[in-house]
J.: 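Sharing a structure, written as structure tokens. Questions coming.
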Amino acid sequence: MSTIRAVRGMNDILPQETPHWRRLEQTVSRLLASYGYGEIRLPLVEKTELFSRSIGEVTDIVEREMYSFDDRNGENLTLRPEGTAGCVRAAIQQSLLNVPQRLWYAGPMFRYERPQKGRQRQFHQIGVESFGVASPDMDAEHMLLCARLWRQLGLAGAIELQLNSLGNSAARREYRQALVTYLEAHVDALDEDSRRRLHSNPLRILDSKVAQTRQVLDAAPVMADYLDDESRADFARLCELLQAAGVRYTVNSRLVRGLDYYNKTVYEWVTTRLGAQGTVCGGGRYDNLVEQLGGRQTPAVGFAMGMERLVLLMLEAGAADTSVPAPVDVYAVAAGEGAQREALAAVEALRDRLGELAIVQHTGGGSFKSQLKRADKSGARVALIWGEDEVRTQTVTVKLMREGAVPGEHSGQQCVPREQLEATLRAVFAD
RNA sequence: GUGGCCGUAGCUCAUCAGGUAGAGCACUGGAUUGUGACUCCGGAGGUGGCGGGUUCGAGACCCGUCGGCCACCCCA
């Protein structure tokens, strides 16, 4: 009888980790609200065609990483591998594109890959998309927003911004041709993967990690020399805006991204603290995607950040407090049927008045000794004790578990009249 | 899909020329029948991932398989 395990690459996020996730989520949602972005909630499943048409037929994601299946009607569906396609679909379908739109979403994405550090098959992204603005001030807004987020999370020192421009499709075509011509002259020096990509997706040879291939690339033609005038001007303007706003960046002419829909600006926020998975956030402009998916021509920019990677980074490099406060403030203990009855009601009444405190009522009975053991393990600062004496005298014993207690002695506890319980607790938790 | 490392109690690990397993933590009971965290004593918990092979005998050696981690590929 083998036990059932989770699907490979689909991880549980346990109570000790969720506080970090919540901190990230809350920080991000407040931040996005402050920039005027509206939250959109999208399906996890879309028609497969949506992804193959937007991400690109020959990308790794579409070729071998999608979780696709036929539903009962024989329609081929896919667990979303990224968020932009669905967001664009929704924006078109729900007629959100008549005015500039600022949207964001969060949730799980699915890609069939071998798991490793910072990569799993079900992972979580927060995505941000802006529609209807073609000028680079929109791109800059996204990067400013990210920079602010890193500051708020205490990660500013661990993340840096890399920028590039891919130009329009004509420029990219021209550059691609030049690159292929150059690389073909050096085929012998290329690694196997790069040779395979030479004709299927040559731009991606640019970010190869193979040393010898990189040497060849050192003398390769550079994208910047092939940019169309508009892309060149927009990129210059973007750099200017970033500088004026004090956002540091480096131009990385090798930066290409794995999704076909990007044009003009592409960028990644990267760290060296997470092993091989350095990209913590990435995005760019996709001015043709809306039209490609059947909408009216609408310029757009967007990015997505990886929540697992950010949480990891918060833990490994975060300057700010990653300590998690005890989930329990008060632990209520009672022995004897009468005492239990009274305690249950009293604790409920307390919750009416002190809703901000986390109060755990001991369940399952047991001796005072074992119940107090539980109270201690819970991390509670205060234990409340009901026994026969308390019931008889209409009191509650308030015992301080963390402070004011001398080891080995029953100090730091006092017996207070019922009606003073709330005030006593307020005093204890006042600081 | 490819490569490297790993797989012994809930967790972290140990043992041994190959002779059928131990520690710490956690859990649990007790040390004045109303009091935790410290200390002391006791208890429970392992078909040594699974299958096969070599051997008189394997957790230890070999093969396969499954799983985990990390890396390649690519991305968040």
Side-chain angles (χ1 to χ4, degrees), chain A residues 1-3 5-9 11 55 59-65 80-84 106-127 191-194 196-197 201 204-205 207-210 255-259 266 268-271 274-283 302-313 331 333-336 339 362 366-392 397-403 405-413 415:
Chain A
M1 18 104 272
S2 54
T3 55
R5 299 179 49 89
V7 175
R8 181 204 288 261
N11 300 150
I55 296 169
T59 58
D60 282 4
I61 291 179
V62 170
E63 274 181 348
R64 41 182 256 255
E65 294 178 1
R80 63 181 186 190
E82 59 105 39
T84 300
M109 308 292 165
F110 303 84
R111 275 144 60 171
Y112 189 89
E113 300 181 89
R114 285 289 275 269
Q116 66 187 74
K117 187 181 174 77
R119 162 188 293 163
Q120 34 281 128
R121 290 181 174 181
Q122 175 176 332
F123 62 104
H124 298 78
Q125 288 187 334
I126 294 170
D191 61 282
E192 198 186 326
D193 274 337
S194 297
R196 180 171 48 78
R197 276 194 219 112
N201 208 333
R204 262 189 294 160
I205 299 175
D207 57 14
S208 168
K209 288 177 187 169
V210 179
L255 182 63
V256 289
R257 294 178 51 75
L259 289 67
V266 291
E268 291 185 357
W269 294 90
V270 298
T271 180
L274 292 183
Q277 258 55 57
T279 304
V280 117
C281 176
F303 66 89
M305 53 189 130
M307 297 180 71
E308 281 80 1
R309 291 181 187 179
L310 282 170
V311 169
L312 270 178
L313 195 56
Y331 196 98
V333 144
H362 178 84
S367 63
F368 274 118
K369 187 188 185 68
S370 59
Q371 294 194 35
L372 279 161
K373 243 177 199 174
R374 286 279 155 232
D376 184 57
K377 293 262 157 58
S378 77
R381 268 174 78 183
V382 171
L384 302 181
I385 303 173
W386 276 269
E388 288 176 19
D389 295 347
E390 284 83 355
V391 170
R392 186 161 19 83
T397 296
V398 177
K399 180 179 173 67
L400 301 180
M401 304 294 282
R402 315 268 113 182
E403 70 247 55
V406 180
E409 287 183 33
H410 305 159
S411 58
Q413 73 178 49
C415 200

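The sequence lines fix the lettering, A, B, ..., with proteins before strands; numbering per chain opens at 1. Basis for what follows: all heavy atoms, side chains included, without hydrogens, waters or symmetry-related copies.
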J.: Is any side-chain heavy atom of A:D60 closer than 4.5 Å to a side-chain heavy atom of A:R204?
T.: yes

J.: Taking the P atom of each, how far is B:G59 from B:C41, in whole Å?
T.: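 Approximately 33 Å lies between the P atom of B:G59 and that of B:C41.
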
J.: With rounding to the closest Å, how many angstrom separate the P atoms on B:G4 and B:C62?
T.: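 After rounding to an integer number of Å, I get 15 Å for this pair.
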
J.: May I ask you to say what A:E308 touches in the nucleic acid, namely base, sugar-phosphate or nothing, with a heavy-atom cut-off under 4.0 Å?
T.: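 Counting heavy atoms under 4.0 Å across all strands, no contact is made by A:E308.
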
J.: Indicate, with a heavy-atom threshold strictly under 4.0 Å, whether A:R5 touches base, sugar-phosphate, or nothing.
T.: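 Counting heavy atoms under 4.0 Å across all strands, the contact made by A:R5 is with sugar-phosphate only.
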
J.: Which whole number of Å gives the distance between the P atom of B:U20 and that of B:A58?
T.: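 So the two P atoms sit 11 Å from each other.
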
J.: If you count heavy atoms of other groups shown closer than 6.0 angstrom to CD of A:E63, is the number above 12?
T.: yes

J.: Quick one: A:R114 CZ to B:G67 P, roughly how many Å, whole number?
T.: 10 Å

J.: Choosing from B:A76, B:C27, B:G36, which nucleotide comes nearest the side chain of A:R374?
T.: B:C27

J.: Tell me if a side-chain donor or acceptor on A:R392 pairs with a main-chain N or O of A:G387 at a distance below 3.5 Å.
T.: no

J.: A:L372 CG to B:G34 P: how many Å, rounded?
T.: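 Distance, rounded to whole Å: 13 Å.
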
J.: Which part of the nucleic acid, if any, lies within contact of A:Q122, taking any heavy atom under 4.0 Å across all strands shown: a base, the sugar-phosphate backbone alone, or nothing?
T.: nothing

J.: Between B:G34, B:G36, B:A71, which one does the side chain of A:Q116 approach most closely?
T.: B:A71

J.: Closer to the 5' end of RNA chain B via nearest nucleotide, is it A:M307 or A:L274?
T.: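 That would be A:L274.
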
J.: From CD of A:Q277 over to C1' of B:C72, roughly how many Å is that when rounded to an integer?
T.: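 Taking atom C1' of B:C72 as the reference, CD of A:Q277 is at 10 Å.
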
J.: Within the modelled atom types, does a donor on one side and an acceptor on the other bring the side chain of A:Q371 and the base of B:U35 under 3.5 Å apart?
T.: no

J.: A:S378 side chain to A:A375 main-chain N or O, any donor-acceptor pair under 3.5 Å?
T.: yes

J.: Looking at A:Y112, is A:R121 sitting on its ring face, NZ or CZ under 6.0 Å from the six-membered ring centre and within 45 degrees of the normal?
T.: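 Cation-pi check for A:R121 and A:Y112: passes.
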
J.: For the side chain of A:D193, starting at C-beta, report the closest nucleotide among B:U35, B:G36, B:C73.
T.: B:C73

J.: Expressed in angstrom and rounded to an integer, what is the separation of A:L384 atom CG from B:G36 atom P?
T.: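 Checked: the CG to P distance equals 17 Å.
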
J.: Which comes earlier along RNA chain B counting from the 5' end, the contact point of A:I61 or that of A:K377, where each point is its nearest nucleotide?
T.: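 With A:I61 and A:K377 compared, the 5'-side residue is A:K377.
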
J.: Between B:U33 and B:U39, how far apart are the C1' atoms? Round to whole Å, please.
T.: 22 Å

J.: For B:C13 versus B:G7, give the span between their C1' atoms, rounded off to a whole number of Å.
T.: 13 Å

J.: Distance check, P atoms only: B:G51 and B:U12, in whole angstrom units.
T.: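 Pairwise P distance, B:G51 against B:U12, rounds to 23 Å.
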
J.: Using a cut-off of 4.0 Å on non-hydrogen atoms, how would the nucleic acid contact of A:G275 be classed: base, sugar-phosphate, or nothing?
T.: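 Sugar-phosphate: the residue A:G275, judged by heavy atoms under 4.0 Å, touches backbone atoms but no base.
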
J.: Report yes if a donor N or O on one partner sits less than 3.5 Å from an acceptor N or O on the other, where the partners are the side chain of A:E390 and the base of B:G34; otherwise report no.
T.: yes

J.: Could you work out which one of B:U35, B:A76, B:A71 sits closest to the side chain of A:R309?
T.: B:A76

J.: If you only use heavy atoms from C-beta on, which nucleotide in B:C73, B:U35, B:A76 is closest to the side chain of A:F123?
T.: B:A76

J.: Whether the side chain of A:R381 engages the backbone of A:R402 through a donor-acceptor N/O pair (distance < 3.5 Å, no angle test) should be reported.
T.: no

J.: Report which part of the nucleic acid A:Q120 touches: base, sugar-phosphate, or nothing (heavy-atom distance under 4.0 Å, all strands).
T.: base

J.: Could you pull out the closest heavy-atom pair between A:Q125 and A:G83, with the gap in Å?
T.: OE1-N, 4.1 Å

J.: Looking at the side chain of A:K209, which of B:C73, B:G68, B:A71 is the nearest nucleotide?
T.: B:C73

J.: Quick one: is B:A76 close enough that its OP1 or OP2 comes under 4.0 Å of any side-chain N or O from A:R257?
T.: yes

J.: Walk me through whether A:Q277 and A:Q116 qualify under side-chain hydrogen bond (donor to acceptor under 3.5 Å, both in side chains).
T.: CA-CA 9 Å; A:Q277 258 55 57; A:Q116 66 187 74; 2.8 Å; yes

J.: Touch check for A:E113, heavy atoms < 4.0 angstrom, all strands: base, sugar-phosphate only, or nothing?
T.: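 Here A:E113 touches the bases of the nucleic acid.
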
J.: Taking atom C1' of B:G1 as reference, at what distance in whole Å does atom CZ of A:R64 sit?
T.: 7 Å

J.: Using a strict 4.0 Å threshold on nitrogen-to-oxygen distance, state whether A:K373 and A:D376 make a salt bridge.
T.: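 No, A:K373 and A:D376 are not salt-bridged.
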
J.: Determine the contact category for A:I385: base if any of its heavy atoms lies under 4.0 Å from a base atom, sugar-phosphate if only primed atoms, P, OP1 or OP2 are that close, otherwise nothing.
T.: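 Counting heavy atoms under 4.0 Å across all strands, the contact made by A:I385 includes a base.
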
J.: Rounded to whole Å, please give me the gap between CG in A:D60 and C1' in B:C72.
T.: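 About 12 Å, once rounded to whole Å.
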
J.: From the options B:C73, B:U35, B:A76, select the nucleotide whose nearest atom is closest to the side chain of A:A304.
T.: B:A76

J.: For B:C63 and B:C69, measure between their C1' atoms and round to the nearest Å.
T.: 23 Å

J.: Picking from B:A76, B:G36, B:A71, which would you name as closest to the side chain of A:K369?
T.: B:G36

J.: Can you check the distance between B:A23 and B:U8, where both ends of the measurement are the C1' atom (answer in whole Å)?
T.: 13 Å

J.: Between P on B:C38 and CE on A:M401, what's the gap in Å once rounded to a whole number?
T.: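 Nearest whole value for this atom pair: 12 Å.
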
J.: Let me have RNA chain B in dot-bracket notation, would you? Count Watson-Crick plus G-U wobble pairs, both distances under 3.5 Å, and use [ ] for pairs crossing earlier ones and | for inter-strand partners.
T.: (((((((..((((........)))).(((((.......))))).....(((((.......))))))))))))....

J.: Are the side chain of A:E268 and the backbone N or O of A:G282 linked by a donor-acceptor pair below 3.5 Å?
T.: no

J.: Send over the distance from A:R119 CZ to B:C72 P, rounded to a whole Å.
T.: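 Going from CZ in A:R119 over to P in B:C72 covers 8 Å.
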
